[in-house]
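Below is one structure, written out as structure tokens; comments come after it.
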2 protein chains.
Amino acid sequence: MNQQDGDEKMSIREIAQKAGVSVSTVSRALNGYSDVSMETRKRVMEVAREFNYFPNAIARGLVLRKTHMIGLFFGDRINSGFDDPMYQEVISAIRIEAGKSGRDLLIFANSNKELSTYTSLSKERGVDGVFLILNREEKLKKDQIRELEKSGIPCVSINFQLQGDRCTYVESNNYQGTKDAVTHLIRLGHKRIAFIGGDIYGKAGVDRLNGYKDALLEAGLAYDERLVEFCYFTNKGARDAAIKLQERADNITGIFVASDRMAVIVIDTLRERGLFVPSDISVVGFDDIAVAERSNPALTTVRQQRYEMGRLATEFLNRMIDDPDCRPEPTTLQCELVIRNSTASIRV
Amino acid sequence: MNQQDGDEKMSIREIAQKAGVSVSTVSRALNGYSDVSMETRKRVMEVAREFNYFPNAIARGLVLRKTHMIGLFFGDRINSGFDDPMYQEVISAIRIEAGKSGRDLLIFANSNKELSTYTSLSKERGVDGVFLILNREEKLKKDQIRELEKSGIPCVSINFQLQGDRCTYVESNNYQGTKDAVTHLIRLGHKRIAFIGGDIYGKAGVDRLNGYKDALLEAGLAYDERLVEFCYFTNKGARDAAIKLQERADNITGIFVASDRMAVIVIDTLRERGLFVPSDISVVGFDDIAVAERSNPALTTVRQQRYEMGRLATEFLNRMIDDPDCRPEPTTLQCELVIRNSTASIRV
DNA sequence: TTGTAGGCGTTATCAT
DNA sequence: ATGATAACGCCTACAA
């Protein structure tokens, strides 16, 4: 009705009409097929531009079975996804890298679908592939994960294991990172070193515990169960763990904590109880998020390559999407120990 | 081909067949229409569950013209979206609240579409509404924003103005927040107070500058242009601004900085130049992100209601999507001055 | 209460 | 080089 602007509904049909060609010719011209005359193509492109026409991605997705959308599953509010500074940067990298290859991101958010699974949700939305960024969910939703592994949907996870023909994962070297951290404490003269882990159910958790054990072993230090606590990456968990540890085992002089967020809470808790870091106790964290550098004392921690994790994960997913037979090897990224002021030589 | 599991393609047709009814009956049964017998409905639902059937959202979107997806436009890498801790929490809130009303989030990421606009991208994907979380883009992409305002697409922006029948926005009270911060400095005895703004082009920037000016005015202090600097919320910008200010105007004893991230850099820069906070200079930031509390000295700052911004924005967008005639009033949320250790009484 | 048929906007196949 | 036409999976008149 409106002859001024190319607004409102503009379908391929109107473009065809305005350009005086058939619908299929428009499609071919716009999609860069070769079997269309220069002249026609030019005219079609002009009309399309003039009326500000872009093909409807929904209709296209229906027939092509490809949406150029990548799905993103997060864990719960506290532990991952948008709310964890560590994963935020991974996601940010994913967004940028996925964008470079012409894809958008679909964040699965709908919480009214109790019966749905990762697989059914992915199929409903028709995403070309998915990222899994979870934490405790890997234990809680084991069945869903198995289903997804077998679904044939290209899938990459961060910091936990996924196995299947069309799955792979990118992780940090949690073993080495933890071992380096604990060895650092040992070199500073610490012998009673505690371990506060996030969880013990996934590969990452196990790797970290093993890194801790092996560091002790190599230094000829005995492994003592009473020095080990787990909590689900929550503030309260960290606090309780610190207290429990301190009540259960005295003369602890060093603590490895599985995340910077928890490490900071541990330091607060110790301080409340009259123990100062690093003069009384040394603390080393994990992740190297922004607060680590700024907190007081500045945190000694294990840096994960956040951007690279996201970049590589995206590269892997892209490859799997583009080639059905490709299954990139799971990859482990090195961590780097960043020494700041929360660790010090043991007092003599 | 596979008679064991309900995997692979399951369309409404197969369900209809298995249930011994027509396609339309399945559709009606699953969508809770009343004109279908209890018996039939039950059978259909059973078959659907058994074969793990969920209607394809793409096909559905095509015919219904509703995707239950909400689009999200971010600014560039540095300033907003996933990379700014302040906006991350807003986005997190959006995700949760949108999820409650049964919608998923589409993050526009594709960077190979130079010719596209917010409007064309939104129409292509068929999102039901969009959020705009920008910063400097509001200046750079003015035309696109105008187009979007007129497009009829429900749209809510955060911390900047949007006008149109189907647009609204949620902002912080940037004027009052800034005024409170500067007044706080004045009460501490400061008279030479500088202002480092993020930008001056949007309403938020202007409001903050006005808050600064009015605080001075009410205290009978003169406004001095040489005490005002702008930078685009970048680390380098903050650093340069601090240096410029210090070289241009001596005896500054207080600085208002438009974001915590910049405030922290300003403090670093001053320290490098032999000026200590708060003993030599008081600094107050904006946002109250996580580092503010932990940084050294802990930052006095203006807290924005991040979760509430996201929640309210989502509520507004939901309303506009559900009711074409609804246009929620733009809303301004109060800020709270959080006093910590980066501000102190002026030395006598 | 149920089935039939048309259409949502696009691409792909097959003619021409 | 171009044009009909049949999908893609679903919903919704309309008819029965």
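Throughout, a chain's letter reflects where its sequence line sits, starting with A, and its residues are numbered from 1.
- Protein atom CZ of B:F54 is 16 Å distant from nucleotide atom C1' of D:dG9, rounded to whole Å.
- Atoms NE2 (B:H68) and P (D:dC10) sit 15 Å apart, rounded to a whole Å.
- Between A:T25 and the phosphate of D:dT2, there is no side-chain N or O to OP1/OP2 separation shorter than 4.0 Å.
- A 4.5 Å side-chain heavy-atom check between A:I91 and A:F74 finds at least one atom pair inside the cut-off.
- Applying a 4.0 Å cut-off to non-hydrogen atoms, the residues of residues 56-67 of chain A that approach DNA chain D are A:L62, A:V63, A:R65, listed by residue number.
- Distances shown here put a side-chain N or O of B:Y33 below 4.0 Å from the OP1 or OP2 atom of D:dT12.
- When the P atom of D:dC10 is taken as reference, atom CG of B:L30 falls 10 Å away, rounded to whole Å.
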Verdict with supporting geometry, B:K100 and B:E97, salt bridge (Lys or Arg N to Asp or Glu O under 4.0 Å): CA-CA 5 Å; B:K100 285 182 189 165; B:E97 297 295 326; 3.2 Å; yes
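- Heavy-atom neighbours of A:D165 CG from other residues, nucleotides or ligands within 6.0 Å: at or below the threshold of 12.
- You'll find the side chain of A:I94 reaches within 4.5 Å of the side chain of A:F131, heavy atoms only.
- B:L148 has its side chain within reach of B:L132: a pair of non-hydrogen atoms, C-beta onward, lies under 4.5 Å apart.
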Salt bridge (Lys or Arg N to Asp or Glu O under 4.0 Å) assessment of A:R49 paired with A:E46: CA-CA 5 Å; A:R49 175 123 1 137; A:E46 273 168 9; over 6 Å; no
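- Interface limits on DNA chain C: the 5'-most and 3'-most nucleotides within less than 4.0 Å of chain B heavy atoms are C:dT1 to C:dG9.
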Criterion side chain to side chain contact (heavy atoms under 4.5 Å, CB included) on B:R95 and A:I107, from CA distance to verdict: CA-CA 8 Å; B:R95 173 181 165 239; A:I107 312 287; 4.0 Å; yes
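- Atoms CG (B:D35) and C1' (D:dA15) sit 14 Å apart, rounded to a whole Å.
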Audit row: B:L106, A:L105, side chain to side chain contact (heavy atoms under 4.5 Å, CB included) steps and yes/no: CA-CA 6 Å; B:L106 182 83; A:L105 258 35; over 6 Å; no
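- Across all strands, A:V21 comes closer than 4.0 Å only to sugar-phosphate atoms, never to a base (heavy-atom distances).
- Distance CD1 (A:I12) to P (D:dC8): 19 Å, rounded to an integer number of Å.
- If you check distances only, the side chain of A:S24 does reach the base of D:dA4 with a donor-acceptor pair under 3.5 Å.
- Taking atom CZ of A:R13 as the reference point, atom C1' of D:dT5 lies 12 Å away to the nearest angstrom.
- Atom CZ of B:R28 is separated from atom P of D:dG9 by 21 Å (rounded to the nearest Å).
- B:N318 and B:R103 form a side-chain donor-acceptor contact under 3.5 Å, judged by distance and modelled atom types alone.
- For B:S11, no side-chain nitrogen or oxygen approaches OP1 or OP2 of D:dG9 to under 4.0 Å.
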